[in-house]
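The structure appears below as structure tokens.
The model shown is predicted, which means the values in this text are computed figures rather than measured ones.
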Amino acid sequence: MKPRPQASGRLAALVPAALVLALAACGGDTTPAASEIVTRGELLLAVEGEGELRSSKPTPLNVPGRNWATRQVEWMLPEGSVVKKGDLLARFVAPDGKQELDQALVDLQRNALARIAKEGELRAGQGRVSVDLSQVAIQLGIAQRYADADLDAFARNEVLDAIEDSRYLGAKQDTLEWRRAQSGSRGGAELAVLDAQRATFELNAKTRQADLDALELRAPNDGVLLLTPNWSGDKPLVGASMFAGIEFGSLPDTSAMEVQIDLPQIEAQGVAVGNEVELHPLGRPDQRFSSKLSWVASAAKTLGRESPVKYLSMRAPVPAEAVKKHGFVPGQRFAANVVLAREPAALGVANVAIEQQDGKQWVLVRRGRDFERREVELGVRGTARSQVLEGLEDGDEVLLSAGGRTLPIRGGDAEEVAHEAAAADRAADDTREDAR
């Protein structure tokens with residue numbers, strides 16, 4: 001039997017496959033395969049999000065006072081108010097501070113009375129010691145006179161008693177002088193303690209008085225009042241309790257404005273400093289303008305405790321002429337379109353068609369009635385499509401979804417393709433032999 005060419009064997013093998021695919025396509029319950037034709041043209045990859053207008057040079061406004069003193073908001077301007085330098089922004093009351101000041105004044109008065117009493121006690125003690133010293137000096141003088149007297153004038157026992165008295169009185173005099181010195185030193189130390197306590201009480205009183213004097217918050221410069229939310233997201237309100245030193249709000253400098261954009265981490269892949277951003281206030285697409293990202297956070301983080309979703313923050317400056325032209329104010333919400341790539345002639349492919357394995361990217365490209373795996377090199381990746389640098393050509397058909405059928409896939413290896421062709425030829429020869 002004369003062998004047939006290899007091509008005829010392949011054709012015979014493809015006919016049954018084509019019939020199977022045709023019959024499968026006729027099934028109403030089978031989802032057909034989905035594919036797209038790669039075409040070179042303008043490629044635009046962008047991510048949409050929202051952001052808030054803020055100042056890049058805000059002036060912080062802290063609750064007046066020191067040492068975390070308790071405050072209660074009695075009156076305040078509404079958020080967004082335009083203020084001038086020196087305008088009253090908020091007024092506070094501190095009922096606890098008044099009570100603490102009264103207690104500090106009472107402590108000062110007690111200290112003053114204690115010092116007066118201590119001084120009187122010291123003077124009295126020193127006066128008693130001085131009297132005793134005077135008496136001892138007189139008695140010592142008499143005893144010394146008798147001790148030096150002639151034995152012919154006085155009895156011997158009287159002279160001896162006078163000598164013993166002079167020794168005793170001399171020791172007593174030394175003791176009294178030591179007591180007077182010790183009384184002065186100890187009294188000075190006790191008075192120094194009272195003076196130190198008084199200094200503490202005076203400082204406390206001055207601090208409490210300063211806290212009571214600092215119950216008004218005024219604007220340090222012109223601007224628009226913005227309130228700062230606390231850890232739970234609540235902004236200051238009339239009647240709310242606050243601590244001195246925490247941030248009450250800010251006065252943004254309207255000459256340097258920027259939009260802070262927060263994008264979900266899964267959508268912010270590929271975002272970098274310098275990317276173009278198209279911005280406009282929500283509901284006002286007619287006020288659209290362009291900018292570029294000036295800062296991108298190094299890591300994503302959650303925006304609140306209510307949701308575990310992490311967001312990547314970035315900032316885009318707003319031109320001063322746009323702020324002046326449209327009258328933008330801090331706190332406005334802006335729609336943002338971050339452009340990842342804008343190429344006039346490039347190839348792009350849907351992300352659902354890309355497979356990743358061992359650090360490489362693959363797509364399934366049609367080859368006749370089969371599909372073969374082809375390694376591709378990707379550029380910028382968007383949320384739905386990615387830029388293809390190498391691996392695809394204009395006009396290639398890429399598989400998006402296999403649908404409900406199992407498609408024949410070639411591995412793309414020449415040796416494997418030749419092996420499959422040889423197996424198909426053998427199968428065709430066996431079929432002909434059975435038919436004979």
Side-chain angles (χ1 to χ4, degrees), residues 44-64 75-91 216-230 233-237 247-264 267-268 270-298 303 311-342:
L44 176 61
L45 301 178
V47 183
E48 294 184 356
E50 290 187 11
E52 182 176 344
L53 184 64
R54 46 176 289 177
S55 175
S56 59
K57 299 178 181 179
T59 302
L61 301 173
N62 297 329
V63 177
W75 174 88
M76 59 179 291
L77 285 176
E79 186 175 20
S81 300
V82 179
V83 299
K84 299 293 184 181
K85 181 178 180 180
D87 288 350
L88 181 63
L89 304 179
R91 184 168 55 247
E216 292 185 349
L217 179 61
R218 296 188 175 273
N221 54 267
D222 300 348
V224 178
L225 175 62
L226 290 182
L227 302 178
T228 301
N230 57 15
D234 298 329
K235 294 185 178 181
L237 298 172
E247 189 171 352
F248 180 82
S250 61
L251 280 181
D253 183 1
T254 55
S255 63
M257 305 292 286
E258 63 185 8
V259 176
Q260 177 162 327
I261 308 165
D262 298 313
L263 295 178
E267 298 181 5
V271 176
V273 174
N275 286 149
E276 181 184 354
V277 186
E278 297 176 352
L279 298 163
H280 67 81
L282 291 179
R284 295 301 303 270
D286 56 311
Q287 298 180 358
R288 186 183 305 271
F289 61 92
S290 297
S291 182
K292 290 185 178 181
L293 294 180
S294 60
W295 174 85
V296 177
S298 58
L303 298 183
Y311 291 82
L312 186 67
S313 300
M314 56 204 71
R315 298 170 187 167
V318 179
E321 55 271 16
V323 175
K324 184 177 181 180
K325 177 181 178 181
H326 302 294
F328 296 150
V329 295
Q332 278 187 276
R333 298 291 297 177
F334 276 70
N337 189 37
V338 182
V339 179
L340 303 179
R342 190 196 300 271

**OP:** Measure across Gly274 and Lys292 and return the closest heavy-atom pair with its distance rounded to 0.1 Å.
**Re:** O-CD, 3.8 Å

Original post:
What distance do Glu48 atom CD and Leu263 atom CG have between them, rounded to the nearest 0.5 Å?
Top reply: 10.5 Å

**OP:** Looking only at non-hydrogen atoms, find the nearest pair between Leu225 and Pro78 and report the distance.
**Re:** CD2-O, 3.9 Å

Subject >> Set of residues satisfying side-chain hydrogen bond (donor to acceptor under 3.5 Å, both in side chains) with respect to Gln287, sequence neighbours excluded >> reply: none

Original post:
Once you round to the nearest 0.5 Å, how far does CD1 of Ile261 lie from CG of Asn337?
Top reply: 9.5 Å

Subject >> Between OG1 on residue Thr228 and CG on residue Asp234, distance to nearest 0.5 Å >> reply: 13.0 Å

Original post:
Stepwise, does the side-chain contact (heavy atoms from CB on, under 4.5 Å) test hold for Met314 with Val277?
Top reply: CA-CA 11 Å; Met314 56 204 71; Val277 186; over 6 Å; no

Original post:
What are the two closest heavy atoms between Ser250 and Pro252, and how far apart are they?
Top reply: O-CD, 3.5 Å

Original post:
What do the steps show when you test Leu53 against Val329 for side-chain contact (heavy atoms from CB on, under 4.5 Å), and what is the final call?
Top reply: CA-CA 7 Å; Leu53 184 64; Val329 295; 5.9 Å; no

**OP:** Please confirm whether the backbone N or O of Val339 pairs with a side-chain atom of Glu276, one donor and one acceptor, at under 3.5 Å?
**Re:** no

Subject >> Between CZ on residue Arg288 and CG on residue Leu279, distance to nearest 0.5 Å >> reply: 9.0 Å

**OP:** For residues Phe248 and Ala90, report the shortest heavy-atom separation together with the two atoms involved.
**Re:** CZ-CB, 3.9 Å

Original post:
So do the side chains of Gln260 and Glu52 get within less than 4.5 Å of each other, counting heavy atoms only?
Top reply: no

Original post:
Would a 4.5 Å heavy-atom cut-off, applied to side chains only, mark Leu217 and Val63 as touching?
Top reply: no

Subject >> Criterion side-chain contact (heavy atoms from CB on, under 4.5 Å) on Leu226 and Glu79, from CA distance to verdict >> reply: CA-CA 5 Å; Leu226 290 182; Glu79 186 175 20; 3.9 Å; yes

Original post:
Do any N or O atoms from the side chain of Arg91 and from the backbone of Glu216 form a donor-acceptor pair under 3.5 angstrom?
Top reply: no

Subject >> Closest contact, heavy atoms only, Leu312 versus Ala297 >> reply: CD1-O, 3.4 Å

**OP:** Find out whether Pro330 and Met257 are in side-chain contact, i.e. whether some heavy atom of one side chain is under 4.5 Å from a heavy atom of the other.
**Re:** yes

Subject >> Atom of Trp295, atom of Ser313 and distance for their closest heavy-atom approach >> reply: CZ3-O, 3.8 Å

Original post:
How many angstroms lie between CZ in Arg284 and CZ in Phe334, if you round to the nearest 0.5 Å?
Top reply: 11.0 Å

Original post:
Roughly how far, to the nearest 0.5 Å, is CZ of Arg218 from CG of Leu88?
Top reply: 5.0 Å

